[in-house]
Amino acid sequence: MKRIHRHNESGQVLAEYSIMLVMTVMIALMLVLFTGLFMEYGWRIIELVAWEP
């Protein structure tokens with residue numbers, strides 16, 4: 001019975017690791033996208049944020 005319980009824990013660890021890996025990759029892609037946007041349109045974004053009516 002212990003072997004079955006250990007297998008369930010191993011599956012949970014694998015699922016949690018996979019979820020964390022996907023989240024890390026998504027955050028890294030978003031940072032790369034934002035870096036590219038700021039390098040190309042940085043001054044426009046800063047003007048838009050700093051604009052006061």
Side-chain angles (χ1 to χ4, degrees):
M1 271 227 170
K2 268 191 167 182
R3 192 174 291 267
I4 293 173
H5 184 67
R6 185 176 285 170
H7 179 69
N8 288 342
E9 286 180 0
S10 176
Q12 180 181 357
V13 170
L14 183 62
E16 291 174 358
Y17 177 74
S18 300
I19 290 170
M20 289 302 296
L21 184 64
V22 168
M23 288 174 59
T24 303
V25 168
M26 294 296 290
I27 290 171
L29 287 175
M30 286 173 37
L31 287 175
V32 168
L33 175 70
F34 285 140
T35 301
L37 286 174
F38 273 108
M39 287 180 75
E40 182 137 356
Y41 301 108
W43 61 275
R44 289 182 183 175
I45 294 171
I46 291 172
E47 279 187 9
L48 181 65
V49 171
W51 180 72
E52 294 182 15

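Residues take their numbers from the sequence shown, with the count starting at 1.
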**Report entry** Nearest-0.5 Å distance, OG1 of residue Thr24 to CG of residue Leu29
**Finding:**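 Output value for this atom pair is 11.0 Å.
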Approximate separation, where rounding is to 0.5 Å, of Leu33 CG and Phe38 CZ:
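Leu33 atom CG to Phe38 atom CZ measures 10.5 Å (nearest 0.5 Å).
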Which ILVMFWY residues are connected to Met26, directly or by a chain of links, through side-chain heavy atoms under 4.5 Å apart?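 Same cluster as Met26: Val22.
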What residues form a side chain to side chain donor-acceptor pair (under 3.5 Å) with Glu16, not counting sequence neighbours?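 Only Gln12 meet the side chain to side chain donor-acceptor pair (under 3.5 Å) criterion with Glu16.
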